[in-house]
2 protein chains.
Amino acid sequence: MRTIGETAELLGISAHTLRYYEKERIVVPLRDAGGDRRYNESHIGWLKFVIKLKETQMPIASIQKYASLVAEGDHTSQARLELLAEHKRSIRAQLETLQAADEMLERKIQSYQTFIHS
Amino acid sequence: MRTIGETAELLGISAHTLRYYEKERIVVPLRDAGGDRRYNESHIGWLKFVIKLKETQMPIASIQKYASLVAEGDHTSQARLELLAEHKRSIRAQLETLQAADEMLERKIQSYQTFIHS
DNA sequence: ACTTGACTTAGAGTAAGCTCTAATCAATAT
DNA sequence: ATATTGATTAGAGCTTACTCTAAGTCAAGT
């Protein structure tokens with residue numbers, strides 16, 4: 001069971017952000033006797049997943065939606081599956097955009113090098 | 001030579017955004033006799049490039065930097081090359097992140113399907 | 001002459017996602 | 001005993017990248 005500071009450190013995000021995620025009902029940690037937040041392994045695993053979704057441009061609103069489905073229970077698994085499948089398609093689209101840009105930059109960089117050495 | 005409206009339409013962005021880009025010195029169009037903005041083929045080409053950079057998460061500040069180097073002239077080509085090379089590395093990093101997330105989601109989706117059909 | 005539509009400006013407002021402040025409390029270190 | 005450290009809260013503030021508003025000009029069509 002980790003404090004907010006330890007959890008922030010471990011995940012490379014700020015304690016501010018963790019409180020914000022709680023306010024947005026994305027991760028609701030436990031509380032110790034003194035009222036301080038405590039994150040267990042399941043919170044940490046879920047946060048790592050959230051961070052992966054964020055890294056791939058999933059908006060906070062969609063992450064909230066997914067989190068609320070998880071909170072609702074097993075009967076929402078079909079809806080969750082659809083949400084993830086939709087996001088996977090968005091990742092595929094991003095991959096294509098990035099690949100095209102990568103090739104474009106490669107050509108542009110080549111032509112700059114030709115120009116500089118001429 | 002296109003008006004702001006035609007240019008916006010052609011590129012799929014708003015006229016507001018084009019004025020914003022001008023304020024930020026990213027694209028400075030010509031003006032006609034009446035003072036209205038006019039975009040020529042070179043502006044359009046540059047805007048398409050800017051849009052590609054934006055799509056790959058290059059911040060406006062870096063695009064501004066690149067634009068100012070272009071405006072400065074040929075002697076900045078080394079600096080521009082470095083900026084583009086740096087951005088290309090960022091694209092590669094994004095590609096890796098997305099690929100890892102894609103695989104993770106694939107596994108997660110598989111396990112949801114297994115769960116749903118059990 | 002009037003209307004319509006596209007344009008102009010400076011500057012205000014918006015949404016997302018944090019990020020920080022102020023005031024306070026509780027446990028530990030000196 | 002006091003000081004430091006790390007936590008708490010509600011709510012304000014910040015950054016990025018637009019997006020919109022208000023008030024107006026101007027040319028073309030009816």
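Numbered from 1 within each chain, the chains take letters A, B, ... in sequence-line order. As a basis for the values below, the full set of heavy atoms in this structure was taken, side chains included, without hydrogen atoms, waters or symmetry mates.
DNA chain C is contacted by both B/Glu22 and A/His16; B/Glu22 maps to the nucleotide lying nearer its 5′ end (nearest heavy atom per residue). Both A/Arg31 and A/Lys23 lie close to DNA chain D; mapped to their nearest nucleotides by heavy-atom distance, the more 5′-ward contact belongs to A/Arg31.
One can place CZ of A/Arg19 at 11 Å from C1' of C/dC20, the figure rounded to the nearest angstrom. As a whole-Å value, the separation of B/Ile60 CD1 from C/dA16 P is 19 Å.
Here the side chains of A/Thr7 and A/His43 are not in contact, with every heavy-atom distance at 4.5 Å or above.
Contacts between residues 32-58 of chain B and DNA chain C, counted as heavy-atom distances below 4.0 Å, involve B/Gly35, B/Asp36, B/Arg37.
The line from OG1 of B/Thr76 to CG of B/Leu81 is 11.0 Å long, rounded to the nearest 0.5 Å. Interatomic distance, CG of A/Leu10 versus CG of A/Leu47, reported as 9.5 Å (0.5 Å rounding). The distance from the CG atom of B/Leu11 to the CZ atom of B/Arg2 is 8.5 Å, given to the nearest 0.5 Å.
Between B/Thr3 and the phosphate of C/dC7, there is a side-chain N or O to OP1/OP2 separation shorter than 4.0 Å.
A 6.0 Å sphere centred on CD of B/Glu106 holds more than 12 heavy atoms belonging to other residues, nucleotides or ligands. Environment of NZ in A/Lys65: sparse, with no more than 12 heavy atoms of neighbouring residues, nucleotides or ligands closer than 6.0 Å.
For B/Gln78 (side chain) and A/Ile116 (main-chain N/O), no donor-acceptor pair under 3.5 Å exists by modelled atom type.
No engagement by B/Ser14 is indicated, since no non-hydrogen atom pair under 4.0 Å with the nucleic acid exists.
The pair A/Glu22-A/Arg31 meets the salt-bridge criterion, since a charged nitrogen lies less than 4.0 angstrom from a carboxylate oxygen.
Put simply, chain B comes within 4.0 Å of DNA chain D, heavy atom to any atom, from D/dA17 to D/dT21, going 5' to 3'.
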